[in-house]
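Written below as structure tokens is the structure these notes are about.
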Number of protein chains: 2
Amino acid sequence: MKEGPDIAQIGALIGDPARANMLAALTGGKALTATELAAVGGITLQTASAHLAKLEAGGLLLPRKQGRHRYFTLADETVARLIESMMGFAASRGHLRHQPGPKEPALRKARICYDHLAGDYGVRMLDSLVAKGAIDAVGDGLALTAKGEETFQCIGINVADLKASRRPLCRSCLDWSERRAHLAGSLGKALLASFFDKGWARRTAGSRSVIFSPEGERQFLALFPVETLVAA
Amino acid sequence: MKEGPDIAQIGALIGDPARANMLAALTGGKALTATELAAVGGITLQTASAHLAKLEAGGLLLPRKQGRHRYFTLADETVARLIESMMGFAASRGHLRHQPGPKEPALRKARICYDHLAGDYGVRMLDSLVAKGAIDAVGDGLALTAKGEETFQCIGINVADLKASRRPLCRSCLDWSERRAHLAGSLGKALLASFFDKGWARRTAGSRSVIFSPEGERQFLALFPVETLVAA
DNA sequence: TCCATACTTCGACCGTAGCCGAAGCATCTC
DNA sequence: GAGATGCTTCGGCTACGGTCGAAGTATGGA
């Protein structure tokens with residue numbers, strides 16, 4: 001009855017709380033050292049080292065040596081997508097963390113999902129782009145329209161450059177807090193990067209949440225207006 | 001550092017080999033009894049009972065009592081998608097099962113993925129549908145075209161009925177053996193069901209693989225011709 | 001050269017989770 | 001009712017995996 005690939009291995013890999021915490025932290029997109037990851041996992045450095053070796057052997061993590069530090073990142077965008085999809089699933093089944101805590105609202109509002117914007121603001125941005133016809137939501141997929149290409153060119157995003165890369169331009173990524181799609185792919189990445197560049201927002205130290213400046217928030221909301229639908 | 005939903009729980013749930021085998025077996029779409037699942041897990045009935053209780057509590061399985069049997073199915077299409085995506089990931093990292101075995105080729109050729117067709121034939125079917133303009137592959141999503149609606153009507157699939165359901169019509173589902181997309185969603189389900197109805201194919205007893213009859217295979221290949229592309 | 005920092009390896013400990021035998025319910029058949 | 005079948009619960013065994021202290025290896029800086 002042993003059919004197909006072995007999901008138990010990666011399941012077990014993700015199934016340890018310490019490792020899961022590390023992976024979740026790395027979904028923030030930043031490379032972290034073994035010491036930092038030990039802290040997020042709530043374990044000592046020795047234990048973390050063993051965990052990281054396993055994650056690396058399993059192909060989930062990519063180490064990069066820099067001086068006497070070892071920085072770890074998720075191996076791939078596919079790893080990030082797997083983690084996010086598991087988060088979405090966990091959220092839908094009510095497998096939540098123990099303490100909702102004060103940081104939770106900030107996280108729900110805007111956070112980094114590997115390299116693009118997620119949370120309420122991420123979902124709102126995609127909604128707005130679809131509403132103004134910059135992106136086509138067809139079936140369960142997303143596609144850039146000709147009009148959208150113009151729009152992004154105006155914001156200062158070079159779509160031609162993005163198209164040159166092998167990575168898909170648009171991808172829909174299910175948001176675990178909003179339970180709706182937000183924009184991933186190279187376009188999603190470029191948009192978030194531009195918000196950072198313009199000083200509209202910044203990432204926080206030990207968390208995945210993204211903090212908008214008052215001015216940045218004003219600009220963001222103006223650029224991606226909310227649909228004022230009158231609910232039936 | 002505890003942010004977001006708890007992925008460790010479901011990770012651990014899937015991370016046990018016996019449970020993983022049970023889940024993989026249930027991806028075949030059929031409801032299975034506790035005894036049958038104990039067999040696929042390679043464990044005794046008592047142990048299986050404990051595992052099944054955990055999976056049920058975790059929201060992965062749905063039990064249905066029928067006489068003195070208890071049938072289990074995956075709780076949801078989302079569970080099936082999670083399992084399939086983990087299989088895809090595992091395959092991409094080379095986490096394969098120990099013995100490739102003689103059943104492997106049949107599985108790669110055509111198998112059930114929850115309720116639709118997967119494997120070489122599943123991928124080929126979608127390719128053919130896209131090539132003939134019945135389905136639009138835009139971005140990473142799929143959408144039924146007007147022409148496609150006609151086509152399916154001719155094959156005897158009532159698209160209007162499918163549209164009435166809340167479930168999306170078309171969905172792309174990544175195939176772990178082919179590493180490319182095949183057609184899921186209610187349309188994918190209806191197509192597979194029609195193959196069974198017409199007697200073109202049948203499911204096998206203890207496996208996910210789908211066996212085509214010689215005549216069925218002929219009809220299937222005629223209906224979904226292969227693109228004879230001359231590779232550049 | 002010497003020490004501090006970052007990390008790994010070793011060895012031992014311990015708890016949990018998986019496992020099965022045996023017994024206990026429930027349901028169907030005769 | 002009696003007996004068979006399907007499944008769950010209980011109790012006890014075992015082993016694997018996570019944990020840390022201590023010692024060992026690299027790298028950087030003074």
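Throughout, a chain's letter reflects where its sequence line sits, starting with A, and its residues are numbered from 1.
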Nucleotide [N], atom [atom2] - distance to [atom1] of [X] in whole Å:
| X | N | atom1 | atom2 | answer |
| --- | --- | --- | --- | --- |
| A/Met22 | C/dC7 | CE | P | 12 Å |
| B/Ile14 | C/dG18 | CD1 | P | 14 Å |
| A/His51 | D/dT19 | NE2 | C1' | 8 Å |
| B/Leu52 | C/dC19 | CG | C1' | 15 Å |
| B/Gln9 | C/dA17 | CD | C1' | 15 Å |
| B/Arg19 | C/dC19 | CZ | C1' | 13 Å |
| A/Phe72 | C/dT8 | CZ | C1' | 11 Å |

Under 3.5 Å, is there a donor on one side chain and an acceptor on the other for B/Ser186 and B/Arg171?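 Absent: no donor and acceptor within the cut-off.
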Taking atom types as modelled, find out whether B/Ser207 and B/Arg111 have a side-chain donor-acceptor pair closer than 3.5 angstrom.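 No donor-acceptor contact under 3.5 Å links the two side chains.
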Look for any protein N or O under 3.5 Å of an N or O in nucleotides 2-5 of chain D and output each such pair with its distance, or none.
residue, atom, partner, partner atom, Å
D/dT5, O4', B/Arg68, NH1, 3.4
D/dT5, O2, B/Arg68, NH1, 3.3

Could I get the full list of ring-ring contact (aromatic ring centres under 6.0 Å, His included) partners for A/His116, not counting sequence neighbours?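 Once residues adjacent in sequence are excluded, the partners of A/His116 under the ring-ring contact (aromatic ring centres under 6.0 Å, His included) criterion are A/His182.
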Within residues 43-50 of chain B: residues closer than 4.0 Å to DNA chain D (heavy atoms):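 Within this stretch, B/Leu45, B/Gln46, B/Ser49 sit under 4.0 Å of the strand.
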Any side-chain hydrogen bond (donor to acceptor under 3.5 Å, both in side chains) involving residues 26-44 of chain B? Give me the pairs, sequence neighbours left out, ordered by first then second residue.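 For residues 26-44 of chain B: B/Thr33-B/Glu36, B/Thr44-B/Gln46, B/Thr44-B/Thr47.
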Which residue pairs pass the side-chain hydrogen bond (donor to acceptor under 3.5 Å, both in side chains) test with at least one member in residues 59-68 of chain A, sequence neighbours excluded?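 Counting only pairs at least two positions apart or across chains, no side-chain hydrogen bond (donor to acceptor under 3.5 Å, both in side chains) contact touches residues 59-68 of chain A.
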Run the side-chain hydrogen bond (donor to acceptor under 3.5 Å, both in side chains) test against [X] and tell me which residues pass, sequence neighbours left out.
| X | value |
| --- | --- |
| A/Tyr121 | A/Glu217 |
| A/Arg180 | A/Asp127 |
| A/Asp115 | A/Arg167 |

Given B/Phe212, B/Phe195, B/Phe224, the one that forms ring-ring contact (aromatic ring centres under 6.0 Å, His included) with B/Trp200: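 Only one of B/Phe212, B/Phe195, B/Phe224 forms a ring-ring contact (aromatic ring centres under 6.0 Å, His included) with B/Trp200, namely B/Phe195.
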[X] side chain near [N] phosphate (N/O to OP1/OP2, under 4.0 Å):
| X | N | answer |
| --- | --- | --- |
| B/Arg70 | C/dT27 | no |
| A/Lys65 | D/dT27 | yes |
| B/Lys54 | C/dG18 | yes |

Between A/Asp76 and A/Val79 (side chain of the first, backbone of the second, donor and acceptor by atom type, cut-off under 3.5 Å), is there such a pair?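 Flag not set: sc A/Asp76 to bb A/Val79 has no pair under 3.5 Å.
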Main-chain N/O of B/Gly59 paired to A/Arg93 side chain as donor or acceptor, under 3.5 Å: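 Answer holds: yes.
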Among residues 29-37 of chain A, which residues get a heavy atom nearer than 4.0 Å to DNA chain C?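 The answer is A/Thr33, A/Ala34, A/Thr35.
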Note: B/Arg81-B/Glu84 ion pair, threshold 4.0 Å (strictly below):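 So B/Arg81 does not pair with B/Glu84 through a salt bridge.
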Using the closest heavy atom to pick a nucleotide of DNA chain D for each, name whichever of A/Ala12 or B/Tyr71 lands nearer the 5' end.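 Here B/Tyr71 is the residue nearer the 5' end.
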A/Gln66 or A/Asp16: which one's nearest nucleotide on DNA chain D is closer to the 5' end?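 Nearer the 5' end of the strand: A/Asp16.
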Net bend of the helix from C/dT1-D/dA30 to C/dC30-D/dG1, end axes of five pairs each, nearest 10 degrees: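 Taking the rotation axis at each end, their angle is 20°.
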Could you work out, with salt bridge (Lys or Arg N to Asp or Glu O under 4.0 Å) as the rule, every residue matching B/Arg19, not counting sequence neighbours?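 With neighbours one apart ignored, the set is empty.
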Pairwise salt bridge (charged side-chain N to carboxylate O under 4.0 Å, His left out) hits with a residue in residues 42-59 of chain B, at least two apart: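 The answer is B/Glu56-B/Arg70.
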